[in-house]
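Scroll down for the structure; my scribbles are underneath it.
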Amino acid sequence: MHLSPLTRRRLKAFRANRRGYVSLWIFLVLFAFTLPAEFVANDRPLVMRYQGHWYFPVLVNYPGSDFGSDFLPTEADYHDPALVRAIRAHGWMVWPLVPYSYDTIVTGLPGAAPSPPTWRNPLGTDDQARDVLARVIYGFRLSVLFGLTLTFFASVIGIAAGAVQGFYGGLTDLLFQRFLEIWSGMPQLFMLIILSSMITPSFWVLLGFLLLFGWMSLVGVVRAEFLRGRNLDYVRAARALGVSNPRIMWRHVLPNAMVAALTFVPFTLSGSVTLLASLDFLGFGLPPGSPSLGELVAEGKNNLQAPWLGITAFVVLAVLLALLIFIGEAVRDAFDPRKQAP
């Protein structure tokens, strides 16, 4: 792939920031590990061989009666000792790395839940006897995917709004600024409380609500770049040649404005992750029982006698946010023309 000299310089500057470069690789490894969470932590085997037939419980729901007439024709419970003995007597099965899902109730605990870390549950269990490690894996994936989705759509809307506002200026800019002042003053938390009392917030409902306000973070930066760029000589020359305004905005002004916008994207992503965790901690986020890092923080607060819950939530959130902040600093340095890579 042919890269322009400017792109090569930015990549070199990004790699020169060792902290951000290493953080990017750590983040990618963690995200790649948690993305197929169903194949990493699940209460169903990955693959089975029973009486000469292949089974894939992680993908297909099999009734218990498929493994003997002594079991009910309902979904098989692969943690049932009798079912496990029947399967192993006529075959074998391969379990995931963590043999629990985020909502699996762990039985046979040495004491009352929450139980401390053991070899069976490396991070212990929460107050509902669910494996904390499995919930961390699913919660990490959920937080990152929620943050990426919210950041993407908020960036698209914010960049488009800032571009229109800055390029046309005049009355359009004036009316848009007044709208932003009114819309940014809306009480988001109170509106979310009202929404959660009317309907149960799901992933997409919560994403849509936060998107109503999250797009405003990039408007000011893009607006300033378009206000500066619309009066440059090459933009005036393109306008004099009869190039349409949308084409000028897309091909001539937007690439320069994206430089400033991209430096804010990693910080917007970290803010989205923090916002989701905060709402889940307060009880206004995802439905109860969802694999949320914020709910794990709330469980740590409510169970001070189980310090592993609070410590796990703090370490996971601190590592995730630190990685995103370090990546954001490296991206900012890469797009800063004043900083040159050694």
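This chain uses plain numbering: 1 for the first residue, then up along the sequence.
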Under a 3.5 Å distance rule, please check whether Thr125 uses its side chain to pair with a backbone N or O of Ser115 as donor and acceptor. yes
Quick check on side-chain hydrogen bond (donor to acceptor under 3.5 Å, both in side chains): which of Arg135, Arg120, His79 does Tyr100 satisfy it with? Arg120
Sole candidate of Asn42, Thr104, Ile137 that passes side chain to side chain contact (heavy atoms under 4.5 Å, CB included) when paired with Val98: Ile137
Treating Ile, Leu, Val, Met, Phe, Trp and Tyr as nodes and any side-chain heavy-atom pair under 4.5 angstrom as an edge, say whether Ile248 and Tyr168 lie in one connected cluster. yes
Do the side chains of Tyr62 and Glu75 get nearer than 4.5 Å, heavy atoms only? no
Do Glu38 and Arg141 sit within salt-bridge range, that is, some charged N less than 4.0 Å from a carboxylate O? yes
For a 4.5 angstrom cut-off between non-hydrogen side-chain atoms, does Gln305 reach Pro114? yes
State, yes or no, whether a side-chain contact exists between Leu109 and Val106 at a heavy-atom distance under 4.5 Å. yes
May I ask you to decide if the ring planes of Phe179 and Trp183 are parallel, tilted or perpendicular, using 30° and 60° as cut-offs? parallel
Taking atom CZ as the centre, does Arg18 end up with more than 12 heavy-atom neighbours from other residues, nucleotides or ligands that are less than 6.0 angstrom away? no
Counting C-beta onward and ignoring hydrogens, is there a side-chain heavy-atom pair between Val219 and Ile157 closer than 4.5 Å? no
Around atom CH2 of Trp250, are there more than 12 heavy atoms of other residues, nucleotides or ligands at under 6.0 Å? no
Polar side-chain atom of Ser278 near backbone of Thr274 as donor-acceptor pair, under 3.5 Å: yes
With clusters defined by side-chain heavy atoms of hydrophobic residues (ILVMFWY) lying less than 4.5 Å apart, directly or transitively, does Phe326 cluster with Val144? no
Return yes when atom CG of Asn61 has more than 12 non-hydrogen atoms of other residues, nucleotides or ligands closer than 6.0 Å, and no otherwise. yes
Is it the case that more than 12 heavy atoms not belonging to Tyr234 sit under 6.0 Å from its OH atom? yes
Could you check if a side-chain atom of Leu24 sits within less than 4.5 angstrom of a side-chain atom of Phe14, using non-hydrogen atoms only? yes
Taking the six-membered ring for Trp, are Tyr55 and Phe67 closer than 6.0 Å centroid to centroid? yes
Taking the side chain as C-beta and beyond, is there a heavy-atom pair between Tyr102 and Arg130 under 4.5 Å? no
Which residues pass the ring-ring contact (aromatic ring centres under 6.0 Å, His included) test with Phe203, sequence neighbours left out? Phe146
Specify whether Phe27 and Phe31 have parallel, tilted or perpendicular ring planes, treating 30° as the upper limit for parallel and 60° as the lower limit for perpendicular. parallel
More than 12 heavy atoms from other groups under 6.0 Å of CZ on Arg239: yes
Check whether any side-chain heavy atom of Trp54 lies under 4.5 Å from a side-chain heavy atom of Met48, and answer yes or no. no
In chain order, what residues pass the ring-ring contact (aromatic ring centres under 6.0 Å, His included) check against His90, with sequence neighbours excluded? Tyr50
Do Phe33 and Tyr138 land in one hydrophobic cluster if side-chain heavy atoms of ILVMFWY residues count as linked below 4.5 Å? no
Looking only at side chains, do Thr151 and Thr268 share a donor and an acceptor under 3.5 Å apart? no
Report yes if some heavy atom in the side chain of Asp173 is under 4.5 Å from a heavy atom in the side chain of Gln177; otherwise report no. yes
